[in-house]
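Because the structure is a prediction, the values reported are computed rather than measured.
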Amino acid sequence: MGRAEERRARQRGGRRAAPRNRSTETESVAPRAREAAAGTATATTTAPAPVPGGRAAARRGAKKAGRGANGRAGKPGGKDKGFIRRLFTWKKILGTFLGFAIAVIGAFIWLYVSTPIPAGNPDADLQSNVYKYGDGALLARDGDVNRENVDLATIPKPVQHTFVAAENKSFYSDNGIDLKGTARGVLNTLMGKGAQGGSTITQQYVKNYYLSQEQTVTRKLKELVISLKLDREKDKDYILAGYINTSYYGRGAYGIQAAAQAYYRVDADKLSVEQAAYLAALLQAPSQYDWAVASDTGKRLVQARWNYVLDNMVGQNWLDKSKREGMKFDIPKDPKAAPGKEGQIGYLVDAANSELANQLVATGVADDYESAAALVRKGGWTIELNIDKKKQKALEAAVKEQLTSKLDKKKRAVDGDVQAGAASVNPKTGAVVAMYGGTSYTEHYLNNATRTDYQPASTFKPVILAAAFDENAVTQDDKKITANTIYDGTSKRPVVGSDIGFAPENEDDQDYGPVTVQTALNKSINSVFAQMGVDVGMDKVLKVAADLGMHTKDLKAVPAQTLGTMGASPLQMAGVYATLDNHGKKVTPALIRSAENSAYPSFKHTDPIGAQVIDREAADSVTSVLTGVVDDGTAKLSVRDNPLRKGQKVAGKTGTSDNNKSAWFTGYTPDLVTSVGLFGESAKAPHPQVPMTGATNGLTSDDGRVNGGGFPALIWAAYTFGVSTEVTKFDLETDQGAAVQTAPPSPSSSPKPSASPSSSPKPSASPSSSPKPSTSPSSSPKPSTSPSSSPSGGTSPDPGTSSPSSGSGDPGNPILG
């Protein structure tokens, strides 16, 4: 029977069996297997009766068997999964991927063909920056490019290899691009994560010479295309020469020749491998890695990168391993300032550039500090500073009159180790109205007003007190800390309540016994504030310090921090005290009033005053207590009794660090906050920190120490009382803390006329002759003995102490601290 007849027979429903063929044999296998598995098969297997309707009906029956009683598929979601499988077949996925790849390749080919190598001329884009005083007068014009291109053939091969080892080991064999690094950079740009490393030397050269520093996808794609073309059209030596001649190395140096002179005072062809390795390492972060201004972290990082460069050279067989092992890091020489930046001008220009770069990062114009600094160096900026010309001149004159005119490094070597820095801030606006960075930018490159490598010492104690008041802290016996709370002022007394043992020594190991908080701050008693820090909680103390403007991110919350062992700058401390002066509202010192550039959004510091960071009553209470330091503490002779004072209300604190390496006075009137710091820095490279003891032959102290109540307070008073002649009062919301109440603040009735130096071997013993401040007036039987002793003490030549010393006790002792 043919297939047609068989089909007709099935359609008629006939029972006549058709001859077996492959189809019928196959259809009968499944029923027999199921019967055998179920144990129902008989000894003789018979073929099942044909299914009415044929194979199509059989298939429909099988489908129905797989459905439940409701007619739906027995397996949930089967229909949806079937749709998804049909939608995402491997053919469709592969086709989509291939289509996308073809589109990308086509777009790249179009970009490659349509993007020419532009004419490189970076100098044409570099302009001058103009800097102005707050009144609009010209301060400086800066923008000349320090660059001298050199022929690569004159640079020794090992020196060339240091740059390749630092940035792109595969430079000589690659095609000019790093696809992985570029893809990562594009992705991070799209995701807003900023710039990432990974570019080849060719790509970096293209970015420096042909393009810009902006972080956009378009710029990165152009960089990729131009790099490929450049690598095809130019040899590697051409590209390497362009790279080392156009890169920025810091210190205003563009190119290897300028960098070699700026850091090692040699020409590029005379560089050693050790020196070249530093310059190559420097390119990663010139602002952070410049040895003259780098932090300890920056110095550690650049030395690690220096080792990385040399180790890579060994790995590439460019440097013998035994020679590498004998190499030592060559510390760069001190920088020399460019002409035209003498005096304070260079300090102000550099500080303004740094502040503007940080602002460009904060506003999203640049992704990181180095990119922002490049935009500033590119020029075209008109920058108006908040610097008040009158106050600036007054601050410079005060430092010269009270300190530098008395230093004579030819007579005393230690006099050459004394550095001064100061910053003055308007607490109501945050404006930096004056800044003193050092004797001259051309003589001392590092700005002493912004450096943060010296300890603020006891000027940190008001921060501890602010935390105690703001946190409503209590003592170990659960008594609220106020200005009148009694503490044990015994020297070397172990703190109670800390897991870390700490027993600080008071200055001169002086024991004070029971004292109030007010007296403890007046006399700067270490043991009291160490215990207070533990009572408040050092974590809370550091939080308040950060809120006030100090950098405490990496500091450990340990009792030793109560002595001010962290680093701080005069500008930073001026901001902290300005926040206290401003009743607890955050004051961020602002050097720049405005910065304009036609290529970028204008920047204006309209309001550097922030939110309330500590309670007003807490801030005002600290101010009230700090008036006591001036009226009856370590600054009473230099400030309270200064002949220039016209009745201005003053709050402030002195500080002298361990081993006399730094001395401070930070103080304020209602309208002006100024921080003055003196730093012992060796005049000999690499300029380690050294004691200042013996400077000026001990003009302000019998033991030769340079204390905060001496030169720093005298500078502060000469400046502040010279520019702030208006008598104003603090508007305080507090009922605690006060100046001396037992005697009027006049030289003839000083509340604590100390015993003469001859009666005590310790200069600071006289303030502690009585543990209680209230008994001190009657404890001094000889209030008039000091004038006769002043000349022998060497204080009479000092205009800040000679006049007020009459009837005030020994002029040497009270200004310790």
Side-chain angles (χ1 to χ4, degrees), residues 147-178 180-181 197-209 227 230-251 253-286 289-291 301-333:
R147 177 189 287 121
E148 180 184 345
N149 290 342
V150 293
D151 191 339
L152 189 69
T154 65
I155 306 298
K157 272 291 183 183
V159 172
Q160 298 178 33
H161 288 155
T162 60
F163 291 89
V164 179
E167 298 293 333
N168 182 193
K169 289 186 294 183
S170 63
F171 171 71
Y172 291 111
S173 59
D174 63 32
N175 58 3
I177 64 171
D178 176 3
K180 182 178 179 182
S199 297
T200 64
I201 283 177
T202 307
Q203 288 176 269
Q204 293 182 58
Y205 171 54
V206 167
K207 180 179 70 173
N208 292 339
Y209 189 62
S227 297
L230 192 68
D231 189 77
R232 289 171 59 89
E233 297 180 13
K234 302 292 184 179
D235 60 34
K236 294 293 185 178
D237 282 352
Y238 175 89
I239 296 171
L240 182 59
Y243 173 70
I244 65 176
N245 276 317
T246 58
S247 295
Y248 182 68
Y249 296 77
R251 298 191 183 181
Y254 289 84
I256 189 172
Q257 172 63 19
Q261 284 291 339
Y263 289 93
Y264 291 108
R265 307 284 193 274
V266 298
D267 290 330
D269 59 352
K270 298 296 191 299
L271 283 169
S272 68
V273 174
E274 293 92 332
Q275 293 169 342
Y278 171 74
L279 297 182
L282 195 66
L283 291 178
Q284 188 178 62
Y289 290 169
D290 183 347
W291 193 265
L301 291 174
V302 74
Q303 287 186 87
R305 187 156 180 81
W306 180 83
N307 283 310
Y308 167 82
V309 171
L310 295 178
D311 291 343
N312 278 350
M313 291 181 69
V314 173
Q316 297 295 118
N317 294 319
W318 295 334
L319 180 63
D320 184 78
K321 186 176 181 181
S322 60
K323 187 176 181 180
R324 159 70 183 99
E325 292 173 352
M327 288 182 172
K328 293 183 179 180
F329 184 79
D330 192 346
I331 296 177
K333 296 183 182 299

Go through it in stages, so that I can follow the logic: the residues are V266 and Q275, the test is side-chain contact (heavy atoms from CB on, under 4.5 Å), and I'd like the CA-CA distance, side-chain angles, deciding distance and then a yes or no. CA-CA 10 Å; V266 298; Q275 293 169 342; 4.3 Å; yes
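- Residue pairs that meet the salt bridge (Lys or Arg N to Asp or Glu O under 4.0 Å) test with at least one member in residues 263-277, sequence neighbours left out, do not exist here.
- If you take NZ on K234 and CG on D231, they are separated by 12.5 Å, rounding to the nearest 0.5 Å.
- When every heavy atom of P156 is checked against every heavy atom of A268, the shortest pair comes out as CD-O, 4.4 Å.
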Show the numbers, then the answer: is there a side-chain contact (heavy atoms from CB on, under 4.5 Å) between V273 and L310? CA-CA 9 Å; V273 174; L310 295 178; 3.8 Å; yes
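- Partners of Y289 under the ring-ring contact (aromatic ring centres under 6.0 Å, His included) rule, at least two apart in sequence or in another chain, do not exist in this structure.
- T162 pairs in a side-chain contact (heavy atoms from CB on, under 4.5 Å) with only one of the listed residues (V309, L279, I244), which is V309.
- Residues passing the side-chain contact (heavy atoms from CB on, under 4.5 Å) test with N317: none are found, sequence neighbours excluded.
- Among all heavy-atom pairs drawn from A253 and A262, the shortest one is CB-CB, 4.2 Å.
- For residues 164-177, the pairs satisfying salt bridge (Lys or Arg N to Asp or Glu O under 4.0 Å) are E167-R305, D174-K236, with sequence neighbours left out.
- With values rounded to the nearest 0.5 angstrom, N175 atom CG is found 8.5 Å from T202 atom OG1.
- For F329, the ring-ring contact (aromatic ring centres under 6.0 Å, His included) partners at least two apart in sequence or on another chain are Y278, W291, W306.
- Listed by first and then second residue, the salt bridge (Lys or Arg N to Asp or Glu O under 4.0 Å) pairs involving residues 307-322 are D311-R324 (not counting sequence neighbours).
- The two residues P286 and G250 have their closest heavy-atom pair at CB-N, 3.6 Å.
- Between F171 and T200 the shortest side-chain heavy-atom distance does not fall below 4.5 Å.
- From I256, atom CD1 reaches atom CZ of F163 across 4.0 Å, with rounding to the nearest 0.5 Å.
- The side-chain hydrogen bond (donor to acceptor under 3.5 Å, both in side chains) check on Y308 picks up N312, with sequence neighbours excluded.
- By the ring-ring contact (aromatic ring centres under 6.0 Å, His included) test, Y248 pairs with Y254, sequence neighbours left out.
- With values rounded to the nearest 0.5 angstrom, T246 atom OG1 is found 9.5 Å from Q204 atom CD.
- Counting heavy atoms from C-beta outward, Q284 and L301 have side chains that stay 4.5 Å or more apart.
- For the pair M327/L319, a side-chain contact is recorded, criterion being any heavy-atom separation below 4.5 Å from C-beta on.
- Using a 4.5 Å cut-off on side-chain heavy atoms (C-beta onward), N245 and V150 make contact.
- In plain terms, the two heavy atoms of I201 and I239 that are nearest each other are CG2-CG2, 4.5 Å.
- Put simply, the side chain of Y263 gets close to the backbone of Y249: a donor and an acceptor are under 3.5 Å apart.
- Taking the salt bridge (Lys or Arg N to Asp or Glu O under 4.0 Å) definition, one finds that D330 meets it with nothing, sequence neighbours left out.
- Listed by chain and number, the residues in a ring-ring contact (aromatic ring centres under 6.0 Å, His included) with Y243 amount to none (sequence neighbours excluded).
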